[in-house]
Amino acid sequence: MKPIKKICCIGAGYVGGPTMAVIAKNCPNLEVEVVDINESRIKAWNDTNLDNLPVFEPGLSEILKDVRNKNLTFSTNVEYSIKKSDMIFISVNTPIKKKGMGAGQTSDLRWVESCARQISQSAKGHTIVVEKSTLPVKTAQTIKEILDSPSINNSNEDRTFSVLSNPEFLAEGTAISDLVNPDRVLIGGDDLEAMNALKEIYIKWVPESKIIFTNLWSSELSKLSANAFLAQRISSINSLSAICEVTGAEIGDVSDAVGMDSRIGSKFLKAGPGFGGSCFKKDILNLVYLSRFYGLNEVADFWQETVEINSWQKTRIYKEIVARLFGNLADKKIAILGFAFKENTNDTRESPAIDICKNLLDEGAFLNIHDCKVNEETIDKDLCRKKSSNRKMWACKKDVYSVFEDAHAVILMTEWSIYKTLDWEKILPVVKQPFWVFDTRLIVNPKVIKNLGINLWQLGNGMNQ
Ligand code: NAD
Ligand code: UGA
């Protein structure tokens, strides 16, 4: 097999952009191109002002300064990029299907299929096609069938393909450090030469012991399983947060005590308003769908519960807020701190803030919203209701202290670090009394709040209910 010199990544999103930036940085001899059909996204990736990148990730702009327009380019010319590449990563969106068979349960594969068709039409010679998107088990089979079917454009050419699965495990907000120092790199396939070609790229910066080979189906299933395990830990600790509140226990103490067992481990045991992000829910639902498809209903029910508890957590927080504000939110101003699904990202997909804010709006509240990286356009889109609805009942504030003016309560939704050091003495004079702090992330110091005579509800804190 000829050495890999040019790679293309289809999909310039939260995965495609950062992943290719790290590959380009570590493999200066490779020519890397990220392509997308979304022109405005590509324009933003090419913006000379790095503050305008479409994805906010700590450390990303520093890498782009080094590699962009050297061995890393961003373009909308998908066909040309496919034609000249030896290896193509498919890194497109795979959201849950909205309509038709499997709606609300399995991934919509239209974007993946369209990539496979484009590759089939435009590729030359031997091409390694790498699944980077998270996909239902057996999708590699679909991709292979499309690639191997005769193509009109290339009918006379001798084209061959190898399909690999190389799922991405990065988390948003820590994408660059996760990519630079991954726990493992998983390569699934049945063509050892192609698998080794991909390994040659990663080995430039990842220790060999962390690069593992499996068959295609183990690789696809491992990605869904890892996300299911992680999400299950969050649902476990969140379910316990509710028990803490009624028994007088404290969830932070319970997490610490449980996590100190080396068999359990301390990571991913922070109680919160429920997991958000574009993937946990979708990937578990895919696992549930797969289980039902194979008649494994008990397995499906087991994983489904992880998602149910997550929705319940959001609803119960909203109900706690309404109950403490005398069951009436009409004409009340509520400050919302944080709209992203976690800190250090501008992503709001499946953010718990969306559901909670929508419920509060339905109660008639007016919301003053602050986030460190999410822009007003995104918040408007996320909270947008039917055309028939009344005037916009929220305002986005740039200055964190301005959300408090005339507010009856504040809800801490995202754990941005500036919210941990708020000056509550400065806030007190501008709010309405009685004033409530609802802390869903356990980031305020209860003593400080209580000493100022402010009411506090803190998730999982049975001492302060
Ligand atoms: P994203 O929505 O941010 O980006 C996907 C991009 O693909 C979009 O810009 C879209 O325009 C583009 N696209 C779709 N079809 C195309 C086509 N035919 N040709 C060219 N471009 C096309 O998605 P993302 O968050 O980067 O996720 C991508 C995949 O990676 C998903 O399967 C997701 O489950 C998985 N994943 C995501 C994360 C994460 O943290 N976001 C982590 C690991 C894995
Ligand atoms: C997650 C996984 O961590 C990644 O390994 C995976 O690659 C990715 O999904 C994916 O496939 O998309 P991500 O969703 O970006 O990454 O972020 P996480 O750090 O996992 O957080 C997910 C949600 O869980 C957030 O809403 C976060 O606030 C919440 N969370 C996380 C908790 O409530 N408690 C915790 O202890 C950890």
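Just follow the structure's listing: the first ligand is 1, and inside any ligand the first atom is 1. Computed from a predicted model, the values in this text were never measured in an experiment.
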(message) Going by the closest heavy atom to atom 37 (C) of ligand 1, which one wins out of V15, T76, N93?
(response) V15
(message) Do V67 and V32 make a side-chain contact, defined as non-hydrogen atoms from C-beta onward lying under 4.5 Å apart?
(response) no
(message) Below the 3.5 angstrom mark, is there an N/O of K132, backbone or side chain, next to an N/O of ligand 1?
(response) no
(request) Considering heavy atoms of the protein only, find what lies nearest to atom 35 (C) of ligand 1 and give residue, atom and distance to 0.1 Å. (result) T134 OG1, 3.5 Å
(request) Taking only heavy atoms of S114 into account, list the atoms of ligand 1 that are under 4.0 Å away from them. (result) 18 (N)
(message) So if I only count non-hydrogen atoms and take anything under 4.0 Å from ligand 2, which residues does that give, chain by chain?
(response) E168, F169, L170, A171, E172, K223, N227, L230, I234, F268, L269, K270, F275, G276, C279, F280, F341, K342, R441
(request) Enumerate the atoms of ligand 1 whose separation from the nearest heavy atom of Q118 is less than 4.0 angstrom. (result) 18 (N)
(request) Look only at interatomic distance and state if R349 has a nitrogen or oxygen under 3.5 Å from any nitrogen or oxygen of ligand 1. (result) yes
(request) Could you tell me the residue and atom name of the protein heavy atom closest to atom 21 (N) of ligand 1, and the distance to it rounded to 0.1 Å? (result) I37 N, 3.4 Å
(request) With sequence neighbours excluded, tell me which residues meet salt bridge (charged side-chain N to carboxylate O under 4.0 Å, His left out) with E208. (result) K199
(message) Only heavy atoms of S91, strictly under 4.0 Å: list the atoms of ligand 1 that pass.
(response) 5 (C), 28 (C)
(request) Look at E131 together with K223 and state whether they make a salt bridge at an N to O cut-off of under 4.0 Å. (result) no
(request) Mind checking whether S133 contacts ligand 1 via backbone (N, CA, C, O), side chain (CB onward), both or neither, at a 4.0 Å heavy-atom cut-off? (result) both
(request) Look at atom 39 (C) of ligand 1 and say which protein heavy atom is nearest, naming residue and atom and giving the distance to 0.1 Å. (result) E172 OE2, 3.4 Å
(request) Check each of L221, V137, T306, V299 against L287 using the side chain to side chain contact (heavy atoms under 4.5 Å, CB included) test, and report the only one that passes. (result) L221
(message) Checking T139 now: which residues fulfil side chain to side chain donor-acceptor pair (under 3.5 Å) with it, not counting sequence neighbours?
(response) none
(request) Quick one: look at I10 and ligand 1, take heavy-atom pairs under 4.0 Å, and tell me if it's side chain, backbone, both or neither. (result) side chain
(message) Can a donor-acceptor pair be found, under 3.5 Å and without considering hydrogens, that links the side chain of S81 to the backbone of N77?
(response) no
(message) Under the ring pair (Phe, Tyr, Trp, His ring centres under 6.0 Å) definition, can you give me all pairs with a residue in residues 260-292, not counting sequence neighbours?
(response) F275-F280
(request) Provide, to 0.1 Å, the distance between atom 33 (C) of ligand 1 and the closest protein heavy atom, together with that atom's residue and name. (result) C279 SG, 3.8 Å
(message) Heavy atom to atom 12 (C) of ligand 1, shortest distance: which of L109, D36, V55, T345 holds it?
(response) D36
(request) Ignoring angles and geometry beyond distance, decide whether D283 reaches within less than 3.5 Å of ligand 1 through its nitrogen or oxygen atoms. (result) no
(request) Look at atom NZ of K314 and say whether more than 12 heavy atoms of other residues, nucleotides or ligands are closer to it than 6.0 Å. (result) yes
(request) Tell me which protein heavy atom sits closest to atom 34 (O) of ligand 1, plus the residue, atom name and distance to 0.1 Å. (result) K282 NZ, 2.7 Å
(request) Would you indicate whether the side-chain heavy atoms of L109 and P136 approach each other to under 4.5 Å? (result) yes
(message) So, applying side chain to side chain contact (heavy atoms under 4.5 Å, CB included) with I10, which one of I88, D36, V34 is it?
(response) I88
(request) With the side chain counted from C-beta on, respond yes when T76 and E39 share a heavy-atom pair under 4.5 Å apart, and no when they do not. (result) yes
(message) Using a 4.0 Å cutoff against the non-hydrogen atoms of N38, which atoms of ligand 1 qualify?
(response) 11 (O)
(message) Given the ring of F169, does R184 sit roughly above its face, with NZ or CZ under 6.0 Å from the centre of the six-membered ring and within 45° of the axis?
(response) yes
(message) For atom 15 (N) of ligand 1, what's the nearest protein heavy-atom neighbour? Residue, atom name and distance, please.
(response) W111 CD1, 3.2 Å
(request) Compare T19, V92, T94 and give the one whose heavy atom is closest to atom 29 (C) of ligand 1. (result) V92
(message) Show me which atoms of ligand 1 lie under 4.0 Å from any heavy atom of K223.
(response) 43 (C)
(message) Ignoring hydrogens and geometry beyond distance, is a side-chain donor-acceptor pair present between Y14 and N346 at under 3.5 Å?
(response) yes
(message) With respect to E168, determine whether any N or O atom, backbone or side chain, lies less than 3.5 Å from an N or O atom of ligand 1.
(response) no
(message) Under 4.0 Å from a heavy atom of Y14: which atoms of ligand 1 are those, numbered in the order shown and with their elements?
(response) 3 (O), 24 (P), 25 (O), 26 (O), 41 (N)
(request) For residues T142 and V112, determine if any side-chain heavy atom of one lies less than 4.5 Å from a side-chain heavy atom of the other. (result) no
(message) Hydrogens and angles aside, do E343 and T414 bring a side-chain donor and acceptor to less than 3.5 Å of each other?
(response) no
(message) Looking at G16, is its backbone amide N or carbonyl O close enough to the side chain of K132 to form a donor-acceptor pair, meaning the two atoms are under 3.5 Å apart?
(response) no
(request) Would you mind checking which non-hydrogen protein atom is closest to atom 1 (P) of ligand 1, with the distance to 0.1 Å? (result) R41 NH1, 3.6 Å
(message) Under a plain distance cut-off of 3.5 Å, with no hydrogens placed, do S241 and N238 share a side-chain donor-acceptor pair?
(response) no
